Q: 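Below is the structure I would like to discuss, written out as structure tokens.
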Amino acid sequence: MKRLVANLVNDALASLPELKEAAADLSMESTVERTRDASHGHFSTNVAMRLAKAVRKSPRDIATSIIAALAENDSVEKVEIAGPGFINFYLSPAAFHAVIATILDQGENYGRQAAKSGPKILLEFISANPTGPLHVGHGRLAAYGATIGNLLEATGYPVSREYYVNDAGRQMDILGVSVWLRWQELQGSDVPFPQAGYRGDYIREIAAAIDTAGIANATSEAILDGLPADGVSNDAEEKDAREAYVEALAARAKELLGEENFDRIRQQSIDSILADIEDDLAGFGVKIDTWFSEQSLTRTGRIDDALAVLKERGILYEKDGATWFPATDYGDEKDRVVIRANGVKTYFASDIVYHFDKRERGFDHLIDILGADHHGYVSRVRAGLEAMGYKGDDLEVELVQFVALFRDGEKVAMTTRGGTFVTLRQLREEVGNDAARFYYVSRSNDQHLDFDLDIAKSQSNDNPVFYIQYAHARIASVFRQLADKSLAWDRTNGQDNMAELSESHEKTLMTSLSRYPEVIELSANNRAPQHLVHYLRDLANDFHSWYNAQFFIVDEANQRDARLTLCAATRTVIANGLTILGVSAPESM
RNA sequence: GCGCCCGUAGCUCAGCUGGAUAGAGUACUGCCCUCCGAAGGCAGGGGUCACAAGUUCGAAUCCUGUCGGGCGCGCCA
């Protein structure tokens, strides 16, 4: 609908030689906008004001000539100049009636754009290390990423959702040794658990369940012989001691068990945690197309190959026994190590190759959704892409800020180490999937999120998700009432009698329904699902107001069918919007 | 110290690519069920858009600075 007005203005400008040139670099779509106030019509453009300077004429004079040049259109009822030079468009009732017909014809496709052939988008999100269950912070990444994926798809882009599994490297050894030690405990070992090990209860559960056939118990003496002392606390100054100790333990585990057996324990642990994450996400309505394993990069030698290429091109250099990537040449703050002096490749090395691999797989545009604490890492990955021959701009990063939980007005304390962090699963069980999905995306992603458990749980008007779902359920209820009265909705008759919908609530509602495709596009383009959230809230409000103002199931058939037609269209749009948010649209509550 | 994000009603937050009188929810006050779900609706008060300069016909929005809050700055991930 917005495009219709924009096109009219565009054509008018093109037909005016004195304005054509000055308007050439204005994007017409951007100068036409919905009005905030109904007294300004339905759409407005400020193009006359923006051209005034270039053509040295008053905005109102320019507006007058634009209006004179506008082509006749049945959808446009009235055009007038207002204020300093706005051109306001009043669309005809028939234009809105046509939108209602479109909504009913298109159904779940209303607001969706035709599939585009490209750019092909790879959307990577969550990518939490497989060292434990997802927590509420990951929940925000999951909800945001899933919704962005839905929005991109709705706007026609081919999009693939990917989870990068950091299943290689040091952390996995620590995971393996943690599980092994818990298993040893179950066999009666009294080796104290390392400070830097994974201490959560889920480690014990994995230890109790894994297959250790053929793996012998080790004595405490054999495990601890010659090892350095563990850090005695979690304090920062003890950190080196803690990390050294747990690494030594992992090395010892490999000696005692043999690499193969240790691998078995480690891999089972990873598989178990990944299965849990997968199940958790599926329960949360989050679909992942590809689980991309970091091990697969290591195993196939692609990391070594890529580093060799960079070395050949003379990009990498050696210093202090390590191999460095000159990230500063690409605008990063400092150079970064890719191979440590001890021969271990850093995560950055695999990140370069991973992002290169995404492009090699044919994805044109890469979107990474990351926690805000990863922002320092963006410029170096872009640098890596450039060094590998692609553009840094191919990578778009959306940062998501932290989540704080509130209960009874108090912040819920969460520390990963202390084991008091709240898991996504706990949150889902407590507040429900719908409320959680909705709450997570109701704020701008670059805003810290205060997640109020009491509001999310409340089944009342305090909770916007219920308010919107209630509007949907209420419409379903109207149709049930209709059937109870042995009446039926005649859609054709309704559409033939749309002129019956002349009351202000009805006009407001129709205007809102016509906005939906624009809201989807705006939300998708700005990676900003909160626009859709606010829109749905407003739409539900428009419906509830109308519901309270008028009775729908009236005796007069033409009026009844017309009103039910509007109800049906509203139901469709609410359902479409909620679906994109990953929230259910219930028939009753 | 340097970099990124944020600062809008008592509270939680929207506000697009600069436009017309600054928006919701919540809380507070009062009203509306003989009627399709009151899990709803209507009305009211509540603001120096952190602060200061600047660009512009026009700034909550763009630029610069100051103050306040969060995060990041490893041969960790």
Side-chain angles (χ1 to χ4, degrees), chain A residues 26-27 29-31 33-37 39-40 44-46 49-50 52-53 58-59 82-86 88 129 131 166 169-171 239 243 319-324 333-334 336-348 351 371-379 399 401-402 406 409 442-450 452 455 458-464 466-467 469-471 473-482 484-485 518-519 521-523 525-526 528 530-531 533-535 537-538 540-541 543-554 563-564 567 588-589:
Chain A
L26 284 179
S27 159
E29 191 97 7
S30 73
T31 75
E33 54 185 26
R34 293 272 177 174
T35 56
R36 252 183 301 177
D37 192 327
S39 68
H40 296 140
S44 171
T45 176
N46 60 3
M49 282 133 76
R50 293 172 69 161
K53 198 170 193 180
S58 84
F86 292 103
N88 292 339
N129 289 347
T131 56
N166 283 119
R170 199 181 90 96
Q171 293 302 321
K239 194 168 180 183
E243 299 298 334
K319 195 181 88 179
D320 303 332
T323 305
W324 294 71
E333 294 169 7
K334 50 182 80 170
R336 310 287 173 178
V337 169
V338 286
I339 305 174
R340 287 159 49 182
N342 65 6
V344 176
K345 288 176 276 284
T346 63
Y347 268 30
F348 175 48
D351 284 336
D373 53 334
H374 284 71
H375 74 79
Y377 141 119
V378 177
S379 50
L399 297 174
Q401 295 289 337
F402 293 154
F406 284 79
S442 63
R443 305 278 187 272
S444 161
N445 59 298
D446 49 24
Q447 191 80 235
H448 291 261
L449 178 67
D450 288 343
D452 190 320
I455 290 177
S458 78
Q459 313 242 326
S460 73
N461 55 345
D462 293 347
N463 190 346
F466 281 92
Y467 181 89
Q469 288 179 316
Y470 178 47
R474 219 176 196 182
I475 294 170
S477 175
V478 168
F479 281 94
R480 283 194 295 271
Q481 288 290 329
L482 187 73
D484 287 350
K485 293 180 181 176
E518 295 157 30
V519 172
E521 185 158 16
L522 176 73
S523 303
N525 290 346
N526 292 300
Q530 77 272 14
H531 291 307
V533 168
H534 288 278
Y535 166 81
R537 211 269 157 204
D538 289 344
N541 182 37
F543 176 76
H544 286 308
S545 294
W546 179 43
Y547 182 94
N548 275 272
Q550 288 198 333
F551 199 69
F552 304 156
I553 307 178
V554 292
R563 288 177 181 174
L564 291 171
C567 279
S588 67
M589 305 171 64

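Each chain gets a letter, A, B and so on, in the order the sequences are listed, and its residues count up from 1. From a predicted model like this one, the values you see are computed outputs, not experimental measurements.
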Q: From the options B:U21, B:C5, B:C35, select the nucleotide whose nearest atom is closest to the side chain of A:Ser39.
A: B:U21
Q: With a 4.0 Å limit, can you tell me whether A:Gln481 has a side-chain N or O closer than that to the phosphate oxygens OP1/OP2 of B:C35?
A: no
Q: Quick one: look up who B:C28 pairs with, Watson-Crick or G-U, both distances under 3.5 Å, and put none if it's unpaired.
A: B:G44
Q: Would you mind reading off the distance between A:His531 atom NE2 and B:G23 atom P, rounded to a whole angstrom?
A: 18 Å
Q: Should A:Asn541 be listed as having a side-chain N or O under 4.0 Å from OP1 or OP2 of B:G41?
A: yes
Q: Please confirm whether any donor atom in the side chain of A:Asn46 sits under 3.5 Å from an acceptor in the base of B:G19, or the reverse.
A: yes
Q: In whole Å, measure the gap between the P atoms of B:G1 and B:A59 for me.
A: 34 Å
Q: Choosing from B:U12, B:C36, B:G41, which nucleotide comes nearest the side chain of A:Ser477?
A: B:C36
Q: Could you tell me which nucleotide pairs with B:A38 by Watson-Crick or G-U wobble geometry, both distances under 3.5 Å, or answer none if nothing does?
A: none
Q: Taking atom types as modelled, find out whether A:Thr31 and A:Asn46 have a side-chain donor-acceptor pair closer than 3.5 angstrom.
A: no
Q: In whole Å, I'd like the distance from the NZ atom of A:Lys319 to the P atom of B:G74.
A: 13 Å
Q: Expressed in angstrom and rounded to an integer, what is the separation of A:Leu449 atom CG from B:C13 atom P?
A: 7 Å
Q: Sticking with atom C1', work out how far B:A53 lies from B:U64, rounded to a whole angstrom.
A: 8 Å
Q: Whom does B:G68 pair with, Watson-Crick or G-U wobble, provided both distances fall under 3.5 Å?
A: B:C6
Q: For the P atoms, the ones on B:G7 and on B:G41, what distance do you get once it is rounded to whole angstrom?
A: 29 Å
Q: Out of B:C75, B:C5, B:A14, which has the shortest distance to the side chain of A:Asp446?
A: B:C5
Q: Under 4.0 Å, heavy atoms only, any strand: does A:Ala528 hit a base, just the sugar-phosphate, or nothing?
A: nothing
Q: Remember a base hit wins even if backbone is also touched, and classify A:Gln550 as base, sugar-phosphate or nothing at under 4.0 Å, heavy atoms.
A: base
Q: Rounded to the nearest 0.5 Å, how far does CZ of A:Phe348 lie from CZ of A:Arg336?
A: 7.5 Å
Q: Taking a pair as Watson-Crick or G-U wobble with both distances under 3.5 Å, which nucleotide is matched to B:G23?
A: B:C13
Q: Whole angstroms only, please: what is the CZ-C1' distance between A:Arg474 and B:G41?
A: 8 Å
Q: Mind calculating the distance between CG (A:Asn342) and P (B:G74) to the nearest angstrom?
A: 18 Å
Q: What integer number of Å spans the C1' atoms of B:G69 and B:C51?
A: 15 Å
Q: Is the base of B:C5 syn or anti, where syn means the angle lies within 90° of 0?
A: anti
Q: For A:Phe543, is the NZ or CZ atom of A:Arg474 found under 6.0 angstrom from the centre of its six-membered ring and inside 45 degrees of the ring axis?
A: no
Q: Between A:His534 and B:G15, does any side-chain N or O lie under 4.0 Å from OP1 or OP2?
A: no
Q: Looking for any heavy atom pair under 4.0 Å, which part of the strands does A:Ser545 touch: base, sugar-phosphate only, or nothing?
A: sugar-phosphate
Q: In whole Å, what is the span from the NE2 atom of A:His40 to the P atom of B:A22?
A: 12 Å
Q: Would A:Val344 and A:Arg170 count as a side-chain contact (heavy atoms from CB on, under 4.5 Å) here? Give the steps.
A: CA-CA 9 Å; A:Val344 176; A:Arg170 199 181 90 96; over 6 Å; no
Q: Can you check whether any acceptor in the base of B:G40 is under 3.5 Å from a donor in the side chain of A:Asn548, or vice versa?
A: yes
Q: With P as the reference atom in both, quote the distance from B:U61 to B:U56 in angstrom, rounded to an integer.
A: 16 Å
Q: Using the rule given for side-chain contact (heavy atoms from CB on, under 4.5 Å), can you reason through A:Arg480 versus A:Ser588, listing the C-alpha separation, both sets of side-chain angles and the distance that settles it, and then say yes or no?
A: CA-CA 10 Å; A:Arg480 283 194 295 271; A:Ser588 67; 3.7 Å; yes
Q: Could you work out the separation of B:C4 and B:G65 based on their P atoms and round it to a whole Å?
A: 10 Å
Q: Which listed nucleotide (B:C73, B:C35, B:G40) is nearest to the side chain of A:Glu333?
A: B:C73
Q: Considering only the P atoms, how many Å lie between B:G15 and B:G68, rounded to the nearest integer?
A: 27 Å
Q: Scan A:Ser588 against the nucleic acid and name what it touches under 4.0 Å (heavy atoms): base, sugar-phosphate only, or nothing.
A: base
Q: Should B:C33 form a Watson-Crick or G-U wobble pair with both distances under 3.5 Å, which nucleotide is its partner?
A: none
Q: Under 30°, 30 to 60°, or over 60°: which ring-plane class applies to A:Tyr377 and A:His374, parallel, tilted or perpendicular?
A: perpendicular
Q: At what distance, to the nearest 0.5 angstrom, does CZ of A:Phe552 lie from CG of A:Leu564?
A: 8.5 Å
Q: Can you tell me, in whole Å, how much space there is between the C1' of B:U8 and that of B:G3?
A: 26 Å
Q: I want to verify a distance call: between B:C13, B:G15, B:C75, whose nearest atom is closest to the A:Gln447 side chain?
A: B:C13
Q: Identify whether any heavy atom of A:Asn445 sits under 4.0 Å from a base atom; if not, whether one sits that close to sugar-phosphate; answer base, sugar-phosphate or nothing.
A: nothing
Q: Does the structure show A:Phe402 stacking with B:C71, if we require the centres to be closer than 5.5 Å and the planes to be within less than 30 degrees of parallel?
A: no
Q: Decide yes or no, distance alone: a donor-acceptor N/O pair under 3.5 angstrom between the base of B:G3 and the side-chain of A:His375.
A: yes
Q: Picking from A:Val338, A:Thr346, A:Val337, what satisfies side chain to side chain contact (heavy atoms under 4.5 Å, CB included) with A:Thr323?
A: A:Val338
Q: For A:Ser379, which residues count as a side-chain hydrogen bond (donor to acceptor under 3.5 Å, both in side chains) partner, sequence neighbours excluded?
A: A:Asp332
Q: Any chance you could lay out the side-chain contact (heavy atoms from CB on, under 4.5 Å) test for A:Gln171 and A:Asn166, step after step, and finish with the verdict?
A: CA-CA 9 Å; A:Gln171 293 302 321; A:Asn166 283 119; over 6 Å; no
Q: Choosing from B:C35, B:C75, B:C13, which nucleotide comes nearest the side chain of A:Trp324?
A: B:C75
Q: Is there a side-chain polar atom (N or O) of A:Arg537 under 4.0 Å from OP1 or OP2 of B:A14?
A: no
Q: Quickly work out the A:Phe543 CZ to B:G40 P distance and round it to whole Å.
A: 13 Å
Q: Classify A:Thr131 by what it touches in the nucleic acid, base, sugar-phosphate, or nothing, heavy-atom distance under 4.0 Å.
A: nothing
Q: Base, sugar-phosphate, or nothing for A:Ala549, non-hydrogen atoms under 4.0 angstrom?
A: nothing
Q: Check every atom of B:A14, B:G19, B:C75 against the side chain of A:Phe86 and return the nucleotide holding the closest atom.
A: B:G19
Q: Among B:U17, B:G15, B:C75, which nucleotide sits nearest the side chain of A:Gln530?
A: B:G15
Q: Rounded to the nearest Å, what distance is computed from the CZ atom of residue A:Arg563 to the P atom of nucleotide B:C35?
A: 18 Å
Q: Can you check whether A:Tyr535 has a side-chain N or O nearer than 4.0 Å to OP1 or OP2 of B:G15?
A: no
Q: Could you check whether A:Lys334 gets within reach of a base, just the sugar-phosphate, or nothing at all, counting any heavy atom under 4.0 Å?
A: sugar-phosphate
Q: Select base, sugar-phosphate, or nothing to describe what A:Asp452 touches, counting heavy atoms under 4.0 Å on all strands.
A: nothing
